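In this text, all values refer to a predicted model and were calculated from it rather than measured experimentally. Below, read A as the first sequence line, B as the second, and so on, with proteins coming before strands; counting in each chain starts at 1.
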2 protein chains.
Amino acid sequence: MSPRKADTRPLYVKVHAALVERIRSGQWKAGQLIPNEFEIAAEFKVSQGTARKAIGALAAANLVVRHQGRGTYVYEHTPDDIVFRFINFFDASGARAAFTNRNAKLTAGKATAAERHALGLSKGARVLRFARQRIANRKVLVIETAVLAKVVFPNLGDLADTLDTLYDVFQKTYGILVTRTEERLTAVGADARAAAELGVAVGTPLLRIERTAFTIDDRPVEWRVSHCHLKGVHYLARTR
Amino acid sequence: MSPRKADTRPLYVKVHAALVERIRSGQWKAGQLIPNEFEIAAEFKVSQGTARKAIGALAAANLVVRHQGRGTYVYEHTPDDIVFRFINFFDASGARAAFTNRNAKLTAGKATAAERHALGLSKGARVLRFARQRIANRKVLVIETAVLAKVVFPNLGDLADTLDTLYDVFQKTYGILVTRTEERLTAVGADARAAAELGVAVGTPLLRIERTAFTIDDRPVEWRVSHCHLKGVHYLARTR
DNA sequence: CAGTGGTCTAGACCACGTG
DNA sequence: ACGTGGTCTAGACCACTGC
């Protein structure tokens, strides 16, 4: 009773899908050199141009990095990425703002309704909450809490000390690649806790950023809420 | 004394640059059908594949729209674009928020230092300021002022009544196409004027959005400052 | 030097929209 | 039926990297 629908997708789309699956499944690991265009073309019985188009789509989606003369490598978070990618804070001169972390604290608990909704969890699911302060110019500019499904990140507690660069741990320890984020921004007044941590008066206007991070198969794996008191720094969004 | 540097750029880049110039200069106008791939290939003495790659880059930059079976058309703001493109407000259900305008007011004056910096103007330059309130669900959620260089938009005052869809006027009346925007977001407390217009208390946290709009040759043509009191609406930014 | 990605060609055929 | 963009091939050559 199979529908027996012919797969009419273009060849390069099929090849692309097959290559994505190799990265998603971990058959091709972060940082690994993948076969060259001719080898992939031969394997899928297509021309080099078609294989090239499939690989190009991987590169456009940041799943691989191509280097002329060297080869094509599965994307891997680099020290620069870890600090800058997905971070949209800039100072007045237009330079990216870099943060260091402080007072990191990892706790576990039952997911709230909001957390279940953001991460697509069912009732009773347990989550990990990773709270920290983010510092620039010796001032606490941001306080944030990242929420993760416990079932997705077992034994994360053992790594609590090294949890500086979260997405790097996701990739290297759990094989989970964050490919895109959505951030929802609003303005709120500081509550008592935020005011204390940021060193401002209660009610001070803060930028509230609610981020959802998605994996390669587009499922939410992290829900992060930040409250920001930005002195000389702003959030930058580009639209085309 | 010409440097006589050989132009080593790939063919498709040269063709692409030539086509961009035709759109920038107005030789090809908004909404116009452009020649097909083979005609462009013949004109530049390249193969169809190379012409195709050049046109593809135009499409990727939103300068043209391609329709299989119909042809390739120079990009033109559509009713939907006018309302939604470059607008990043969404409601809780994930739907785009649409606004209507009210109390629009156009004034002229000498550019302030901040306005000169944002628009790249020299001292003494004159600007037009277009202020308005933006309404959703019968509530004023946003007040904003758009600043334009007077020399770029002569006689804009005559159009004050029809200034609802600003970028559409830029394109249709002045041949200026907005291709991208940058928005800087911070949180501020409502001042007396904002509080009055938005119907909130002084000091209420507002989202402040400072937008610079760029043309096809990447020069700033509009500087817009908005103050937003977002009830049930948020600003959405996507990062890859 | 060999090996890789990047460009380019000439030609074929397919898929879609319109008359 | 025709004209358009979209896919695909087979092969050539160029540009860059690293040994």
Side-chain angles (χ1 to χ4, degrees), chain A residues 4-20 22-23 28-76 78 80, chain B residues 4-20 22-23 28-76 78 80:
Chain A
R4 195 183 310 229
K5 260 196 286 193
D7 184 351
T8 62
R9 293 178 302 169
L11 284 178
Y12 76 89
V13 172
K14 297 184 201 175
V15 174
H16 173 257
L19 301 183
V20 167
R22 289 188 187 176
I23 296 172
W28 286 350
K29 299 198 191 314
Q32 178 180 333
L33 175 68
I34 73 170
N36 70 38
E37 296 178 350
F38 288 94
E39 289 169 320
I40 289 175
E43 180 190 346
F44 289 94
K45 296 186 169 44
V46 299
S47 71
Q48 179 248 7
T50 300
R52 177 171 178 72
K53 197 162 177 179
I55 300 168
L58 293 182
N62 264 310
L63 295 182
V64 301
V65 181
R66 315 197 76 176
H67 297 288
Q68 188 173 53
R70 282 207 281 141
T72 302
Y73 298 81
V74 177
Y75 175 82
E76 180 175 34
T78 64
D80 263 21
Chain B
R4 196 184 308 232
K5 259 195 287 191
D7 184 350
T8 62
R9 293 178 302 168
L11 284 177
Y12 75 90
V13 173
K14 297 184 201 176
V15 175
H16 173 256
L19 301 183
V20 167
R22 289 188 186 176
I23 296 172
W28 285 350
K29 299 198 191 314
Q32 178 179 333
L33 175 68
I34 74 170
N36 70 38
E37 296 179 350
F38 288 94
E39 289 169 321
I40 289 175
E43 180 189 347
F44 289 94
K45 297 186 169 44
V46 299
S47 71
Q48 177 247 8
T50 299
R52 178 172 177 72
K53 196 163 177 179
I55 301 168
L58 293 182
N62 264 312
L63 295 182
V64 300
V65 181
R66 315 197 75 175
H67 297 287
Q68 188 172 54
R70 281 208 280 143
T72 302
Y73 298 80
V74 177
Y75 175 83
E76 180 176 35
T78 64
D80 263 22

**Q** Hey, which of these two, A:Lys45 or B:Gly71, hits DNA chain D nearer its 5' end, going by closest nucleotide?
**A**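 Residue closer to the 5' terminus by nearest nucleotide: B:Gly71.
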**Q** Would you mind reading off the distance between B:Ile34 atom CD1 and D:dT4 atom C1', rounded to a whole angstrom?
**A**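 So the two atoms are 12 Å apart, to the nearest Å.
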**Q** Of all residues at least two apart in sequence or in a different chain, which pass the ring-ring contact (aromatic ring centres under 6.0 Å, His included) check with A:Phe38?
**A**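 Residues passing ring-ring contact (aromatic ring centres under 6.0 Å, His included) with A:Phe38: none at all.
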**Q** For C:dG6, take OP1 and OP2 only and decide whether either is under 4.0 Å from a side-chain N or O of A:Arg66.
**A**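 Result: yes.
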**Q** Could you give the distance from CD (B:Glu76) to CD (B:Gln32), rounded to the nearest 0.5 Å?
**A**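 That separation rounds to 11.0 Å.
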**Q** Expressed in angstrom and rounded to an integer, what is the separation of B:Glu37 atom CD from C:dA12 atom P?
**A**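 Nearest whole value for this atom pair: 17 Å.
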**Q** Using 0.5 Å steps for rounding, measure from the OG1 atom of A:Thr50 to the CD atom of A:Gln48.
**A**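 Separation between the atoms: 9.0 Å.
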**Q** Using atom CG of A:Asn36 as one end and atom P of C:dG5 as the other, report the distance to the nearest whole Å.
**A**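 Those two atoms, CG and P, are 5 Å apart.
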**Q** Are A:Asn36 and A:Thr72 side-chain neighbours, meaning at least one heavy-atom pair lies under 4.5 Å?
**A**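 They are not in contact (no side-chain heavy atoms under 4.5 Å apart), so the answer is no.
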**Q** Can you tell me if B:Thr50 touches the phosphate of C:dT9, counting only side-chain N or O atoms and a distance under 4.0 Å to OP1 or OP2?
**A**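 For C:dT9, OP1 or OP2 has a side-chain N or O of B:Thr50 closer than 4.0 Å.
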**Q** Just how far, in rounded Å, is C1' of D:dG5 from CG of B:Leu58?
**A**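 To the nearest whole Å, that distance equals 14 Å.
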**Q** Report the nucleotide, chosen from D:dT7, D:dA10, C:dT7, that has the shortest atom-to-atom distance to any side-chain atom of A:Lys53.
**A**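 For the A:Lys53 side chain, the nearest candidate turns out to be D:dT7.
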**Q** If I take atom CZ in residue B:Arg52 and atom C1' in nucleotide C:dT7, what distance separates them, rounded to the nearest angstrom?
**A**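 Taking atom C1' of C:dT7 as the reference, CZ of B:Arg52 is at 16 Å.
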**Q** For A:Val13 and A:His67, find the nucleotide of DNA chain D closest to each by heavy atoms; which residue's nucleotide sits nearer the 5' end?
**A**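 Looking at the nearest nucleotide for each, A:Val13 comes out on the 5' side.
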**Q** Are the side chains of A:Ile40 and A:Ile34 in touch, meaning some heavy atoms are under 4.5 Å apart?
**A**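 A side-chain contact exists here, since the closest heavy-atom pair is under 4.5 Å.
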**Q** From the options D:dT9, C:dT9, D:dG11, select the nucleotide whose nearest atom is closest to the side chain of B:Leu11.
**A**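 When the side chain of B:Leu11 is considered, C:dT9 is the closest of D:dT9, C:dT9, D:dG11.
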**Q** Which residue lies toward the 5' end of DNA chain C, B:Ser47 or A:Thr8, if each is placed at its nearest nucleotide?
**A**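 This one resolves to B:Ser47.
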**Q** Any base atoms under 4.0 Å from B:Tyr12, or only sugar-phosphate, or nothing? Heavy atoms, all strands.
**A**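 Touches sugar-phosphate only.
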**Q** Tell me: NE2 of A:His16 to C1' of D:dT7, nearest whole Å?
**A**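 Computing the A:His16:NE2 to D:dT7:C1' distance gives 16 Å.
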**Q** D:dG6 P sits how many Å from B:Ile40 CD1, rounded?
**A**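 Computing the B:Ile40:CD1 to D:dG6:P distance gives 12 Å.
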**Q** Could you check if a side-chain atom of A:Leu33 sits within less than 4.5 angstrom of a side-chain atom of A:Tyr73, using non-hydrogen atoms only?
**A**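 With C-beta onward as the side chain, the pair touches.
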**Q** Counting heavy atoms from C-beta on, name the nucleotide in C:dT9, D:dT9, C:dT7 closest to the side chain of A:Gln48.
**A**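 For the A:Gln48 side chain, the nearest candidate turns out to be C:dT7.
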**Q** How bent is the helix from C:dC1-D:dG18 to C:dT18-D:dA1, comparing axes over its five end pairs at each side, to the nearest 10°?
**A**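 One end axis against the other gives 10°.
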**Q** When you compare the side chain of A:Arg9 with that of A:His16, does any pair of heavy atoms fall below 4.5 Å?
**A**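 Counting from C-beta outward, A:His16 and A:Arg9 never come under 4.5 Å.
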**Q** So, is B:Thr72 near the phosphate of D:dG5, with a side-chain N or O under 4.0 Å from OP1 or OP2?
**A**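 Checking D:dG5 against B:Thr72, a side-chain N or O does come within under 4.0 Å of OP1 or OP2.
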**Q** Does A:Trp28 reach the side chain of A:Leu19, with side-chain heavy atoms less than 4.5 Å apart?
**A**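 Side-chain contact under 4.5 Å: yes.
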**Q** If I take atom CZ in residue B:Phe38 and atom P in nucleotide C:dA12, what distance separates them, rounded to the nearest angstrom?
**A**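 Interatomic distance, CZ of B:Phe38 to P of C:dA12: 11 Å.
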**Q** Within the pair A:Arg70 and C:dG3, is there a side-chain N or O less than 4.0 Å away from OP1 or OP2?
**A**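 No, outside the criterion.
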